[in-house]
Colleague: 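Below you'll find the structure I mean.
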Amino acid sequence: MNEIFYLTPLDGIYVIILSAFIGMEVVRKVPPVLHTPLMSGSNAISGIVVAGSIIQIMSNDIQLNAITLLSFVGLLLGVMNIAGGFFVTHRMLKMFKSKSK
């Protein structure tokens, strides 16, 4: 009745692989009209990833192990996604500005 459910590292790998396939299928079926709101949601999720990886890196002792390495990779990819989203959004908004002479 009071059992605790533990995940093994192999279970974590299964979750990552399944979520990647599900994410690809969901994004593939999104119409072009919804790409900008989807990108905003992706930036929000990347912000959560960045915050979580900063917390994880700061909570670890300064040593090179798998957790620190994965946290750094998550931080790097999250920041790249956020920056790319801002650049794309800026470029899209620039297209709609009126050209003054």
Colleague: Identify the residue among T68, L75, L77 that makes a side-chain contact (heavy atoms from CB on, under 4.5 Å) with S53.
Modeller: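 The residue from T68, L75, L77 that satisfies side-chain contact (heavy atoms from CB on, under 4.5 Å) with S53 turns out to be L75.
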Colleague: Side-chain heavy atoms under 4.5 angstrom apart, residues restricted to Ile, Leu, Val, Met, Phe, Trp, Tyr: same cluster for M58 and F72?
Modeller: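 They do share one cluster, since a chain of ILVMFWY contacts under 4.5 Å joins M58 to F72.
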Colleague: Could you measure the distance from the CG atom of N81 to the CG atom of L76? Nearest 0.5 Å is fine.
Modeller: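 N81 CG to L76 CG: 11.5 Å, rounded to 0.5 Å.
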Colleague: Can V73 be reached from I57 by stepping across I, L, V, M, F, W or Y side chains whose heavy atoms are under 4.5 Å apart?
Modeller: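 No.
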Colleague: Grouping I, L, V, M, F, W and Y whenever their side-chain heavy atoms are under 4.5 Å apart, do I54 and L70 come out in a common cluster?
Modeller: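 No: no chain of side-chain contacts under 4.5 Å links I54 to L70.
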Colleague: Are I13 and M24 connected into the same hydrophobic cluster when the rule is that any two of I, L, V, M, F, W, Y join if their side-chain heavy atoms are below 4.5 Å apart?
Modeller: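 Yes, because M24 and I13 connect within a single hydrophobic cluster, where side-chain heavy atoms sit under 4.5 Å apart.
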Colleague: Atom OG in S71, atom CG in N65: separation rounded to 0.5 Å?
Modeller: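 The OG atom of S71 sits 8.5 Å away from the CG atom of N65.
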Colleague: Minimum heavy-atom separation for S46 to I82, with atom names?
Modeller: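 Answer, listing the atom of S46 first, then I82: CB-CG1, 3.6 Å.
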